[in-house]
Number of protein chains: 2
Amino acid sequence: MFEHTFSNVFFIFASKMKYTIKNIAELAGVSKGTVDRVLHERGKVSAKALEKVNAVLNEIDYKPNLLARSLKKTRNYHICVVLPDFNKDPYWSPCNEGIEEAIEEFASFGVFIEPFFFNPNDIKSFIKVNKKVLELLPNAVLLAPLFYKETIEIINKYALSNIIVSKFNNQLEINNTQNFVGQDLYKSGRIAASLMKEIISKNATIAIINIDEDSNNAIYVQEKEKGFRSFFNEIESYNIVTWNCKQQDIDAKLLDFINENIALSGIFVTTSKVYTIAEFIKNKKIEHIKVIGYDLLDENMLYLKNGIINFLIHQNPKKQVYLGLTYLVDYFLFDKEIPAKSLLPIDIITAENLETYTEN
Amino acid sequence: MFEHTFSNVFFIFASKMKYTIKNIAELAGVSKGTVDRVLHERGKVSAKALEKVNAVLNEIDYKPNLLARSLKKTRNYHICVVLPDFNKDPYWSPCNEGIEEAIEEFASFGVFIEPFFFNPNDIKSFIKVNKKVLELLPNAVLLAPLFYKETIEIINKYALSNIIVSKFNNQLEINNTQNFVGQDLYKSGRIAASLMKEIISKNATIAIINIDEDSNNAIYVQEKEKGFRSFFNEIESYNIVTWNCKQQDIDAKLLDFINENIALSGIFVTTSKVYTIAEFIKNKKIEHIKVIGYDLLDENMLYLKNGIINFLIHQNPKKQVYLGLTYLVDYFLFDKEIPAKSLLPIDIITAENLETYTEN
DNA sequence: TGAAAAAGTGTGCTCGAACACATTTTTTAA
DNA sequence: TTAAAAAATGTGTTCGAGCACACTTTTTCA
């Protein structure tokens, strides 16, 4: 270790001392300008000076003060979040909380976060909103890429304007995605299956129900279905059937579907719309069917608590946006790298541990 | 809205513009010193000036730049973490990772974090380590308060030296704890019980096994037991027995215990030592007993994957320390409030969702 | 009324990094 | 040998908040 002392520095933690560029300059016997040039490899440094500075840098553990760095290059950063309108689909409602928290928290650092909502049932609305955002020329966009083809196009346009794009919730291509925050949907399906297996008896029939899933975001639901089926394929002796339906058809057709499959003892709903099935089951007083679905919507939580839904899988949309925004902010302010792929844990929610996820 | 413009300010986002003290001073027609006095209520401001500044402050949404604020009052903060040696109990091993990550991340902000380990089986070691830490006079201590009486004493001493104390993992008093990061142990026991109920048949016998729990940290284990029993008390028709044992006695005595309780079909181990029971069950080729325990120790994860352990409850010690440290750092750097009580979600881990918690 | 005390106000420096620009040293070539 | 060009080095300003200190205005009271 170096044994030098600085006039202006009070050694509190001997070896763990925080060095500044000025300190390094003094130790190396050069000016802070030279140290700066060495640190940033800006050239214009003589071999002798380079050596002196590097000698010091090798001895100490210099970490630039990120507060000072970020303050110096103070800029106002603008991040837009593009996501479905939660009035059209309550699944997205928690995202809003996450965004509001991020707005509040990061405003003090000069980061301005702005949400933009589109209609998840209307591709045109998705395109329109993105066009509007593009015109604002923000520094970055955090996007829920619901529509495959249109997202590819808009991402290219953003790229032309040097706007960073991160995605959340839906993986655009299932592999090789960049800047993505979300969950592994295939695994999520497998987990649902493993839970189902624990709570129903052998040789039973299990239904996978996809509600209101048109071809657009069907790929995401299909991943879950694949995962679910893969689990049972490995153990056999279960009969898995898939039913695609519209929400308004449930009342008219679900009873027929149940009667057609007499051994039916488990239903896996691939989205947050599981409450519609639960409602039906409750009204018809069907007691032998176990239900697993997605997400902590108010209605879902109600049916979970009174035992009609047995398990919910938590996709944690709030954490997804918040984390996505955190990555972008850390990138702008502190030069942190944005993780190419951030897969959140897949939480299993029961009536008992539910409140530990909703508190605070 | 104000319609003024500043010579040196470029309006990017009309109303969402970031104001500085200088801006406010210009708008109010006073100097930044006066604005500063108003903001901090330092007095020495005339009624007229106060009014002018407040008029501006009411119109705009001033958020001080936390980077600048923190840079100005640059200090080196020293935080000590006092926790059990992970060589004595592998449960604490993930904490180390959390601490290492925090050290790395916060060093750039002038925060120096230092871990101190004590022997969890030796009260004297706990006292000794804390005494050592006290002499260092850090700004804060993050503590795993394993021993009740001794913790009370040491906390008082820290307080006398104006050292902030946060606790994690063990709640000192079950209610009214301050600066605590951890889980609700009672609830955790209930969750274990609810899972047990799903996977065993009615009228069965269930064993609660406490391994190596002497009177010191017994209170924490007792909370889990209480929660577990409370769940089954509500539904009856189950027979719950408790067995307290030493790890070295398992081989000699567990088989007797199992034979004494012929209907035994579920075991709840109240700590991370569940692998010792799993090992026994595997060796004796007992197949009808379901096992639920705690924490993602390597051995536990192995038995979870091969089906001997059915569920693990994740106490997330790594997240606990990391979060505890984050709270302290945010407090020192950005004047954020330290939450009095931060209860983490209680994660249910199965063979299927396990890897979503261990990745990244 | 006027000097002293009190109250109010403004200026300028600091934190550490970054970078523009000024100054000094070395190299080049006539 | 020397002037010009190039390279190397050092200096000073900025970011925004916070605070010490200097300066100005108002109030107090003999």
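If you're wondering where the values come from, they're calculated on a predicted model, not measured in any experiment. Here is how names work: the chains are called A, B, and so on, in the same order as the sequence lines, proteins then strands, and each is numbered from 1.
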Next on the checklist: Is there, by distance only and without an angle test, a donor paired with an acceptor across the side chain of B:Lys32 and the base of C:dG12 below 3.5 Å?
Outcome noted: yes
Next on the checklist: Pair B:Lys73, B:Asp335 - check salt bridge (Lys or Arg N to Asp or Glu O under 4.0 Å), show working.
Outcome noted: CA-CA 12 Å; B:Lys73 28 181 210 170; B:Asp335 288 326; 3.3 Å; yes
Checklist entry - Looking at A:Thr34, does any N or O in its side chain come under 4.0 Å of the phosphate oxygens OP1/OP2 on D:dA8? => result no
Checklist entry - Got more than 12 heavy atoms from elsewhere within 6.0 Å of OH, B:Tyr331? => result no
Checklist entry - What is the distance, rounded to the nearest whole Å, between atom NZ of B:Lys63 and atom C1' of D:dA17? => result 17 Å
Next on the checklist: Taking the six-membered ring for Trp, are B:Tyr19 and B:Tyr62 closer than 6.0 Å centroid to centroid?
Outcome noted: no
Checklist entry - If you look at every strand shown and take non-hydrogen atoms under 4.0 Å, does B:Ile21 touch a base, only sugar-phosphate, or nothing? => result sugar-phosphate
Item to check | Rounded interatomic separation in angstrom, taking CG from A:Asn65 and C1' from D:dA17 | outcome: 15 Å
Item to check | Separation of D:dG10 C1' from A:Lys22 NZ (nearest whole Å) | outcome: 14 Å
Checklist outcome for this item: Taking every heavy atom of B:Pro345 against every heavy atom of A:Tyr357, the minimum-distance pair comes out as CB-CE2, 3.5 Å
Next on the checklist: Side-chain N or O of B:Tyr62 versus OP1/OP2 of D:dA17: is the shortest distance under 4.0 Å?
Outcome noted: yes
Next on the checklist: Could you check whether A:Tyr158 and A:Asn130, counting side-chain N and O atoms only, form a donor-acceptor pair closer than 3.5 Å?
Outcome noted: yes
Next on the checklist: If I take atom CZ from residue A:Phe117 and atom CH2 from residue A:Trp92, how far apart are they, to the nearest 0.5 angstrom?
Outcome noted: 11.5 Å
Checklist entry - Roughly, in whole Å, what's the span from CG in B:Leu57 to P in D:dA17? => result 12 Å
Checklist entry - Roughly how many Å is it from CG in A:Leu333 to P in D:dC15, rounded to a whole number? => result 18 Å
Checklist entry - Is the phosphate of C:dA18, meaning OP1 or OP2, less than 4.0 Å from a side-chain N or O of A:Arg69? => result yes
Next on the checklist: How long is the straight-line distance from CG of B:Asn65 back to OG of A:Ser70, given to the nearest 0.5 Å?
Outcome noted: 8.0 Å
Next on the checklist: Using C1' atoms of five pairs at each end, report the bend of the helix from C:dT1-D:dA30 to C:dA30-D:dT1 rounded to 10 degrees.
Outcome noted: 60°
Checklist entry - How many angstroms lie between atom CG of B:Leu50 and atom CZ of B:Arg37, to the nearest 0.5 angstrom? => result 12.0 Å
Checklist entry - OP1 or OP2 of C:dA17 less than 4.0 angstrom from a side-chain nitrogen or oxygen of A:Tyr19, does that happen here? => result no
Can you give each donor-acceptor pair under 3.5 Å made by side-chain atoms of residues 96-114 of chain A, sequence neighbours left out, with the distance rounded to 0.1 Å?
{"unit_1": "A:Glu97", "atom_1": "OE1", "unit_2": "A:Lys318", "atom_2": "NZ", "d": "3.4"}
{"unit_1": "A:Glu101", "atom_1": "OE2", "unit_2": "A:Lys318", "atom_2": "NZ", "d": "3.0"}
{"unit_1": "A:Glu105", "atom_1": "OE1", "unit_2": "A:Tyr322", "atom_2": "OH", "d": "2.3"}
{"unit_1": "A:Glu114", "atom_1": "OE1", "unit_2": "A:His78", "atom_2": "NE2", "d": "2.8"}

Checklist outcome for this item: Between CG of B:Leu67 and P of C:dA17 the distance, given in whole Å, is 14 Å
Checklist entry - Is a side-chain donor-acceptor pair under 3.5 Å present for A:Tyr327 with A:Ser342? => result yes
Checklist entry - Quick one: is D:dG10 close enough that its OP1 or OP2 comes under 4.0 Å of any side-chain N or O from A:Ser31? => result yes
Next on the checklist: Please list, in numerical order, the residues of residues 35-53 of chain B that have a heavy atom closer than 4.0 Å to any atom of DNA chain D.
Outcome noted: B:Asp36, B:His40, B:Arg42
Checklist entry - Counting side-chain heavy atoms from C-beta on, which of D:dC15, D:dA17, C:dA17 comes nearest to B:Pro64? => result D:dA17
Item to check | Length of the line joining A:Lys73:NZ and D:dC15:C1', which is rounded to integer Å | outcome: 13 Å
Checklist entry - Rounded to the Å, how far apart are B:Lys18 NZ and D:dG16 P? => result 10 Å
Item to check | Under 4.0 angstrom between A:Thr20 side-chain N/O and C:dC15 OP1 or OP2 | outcome: no
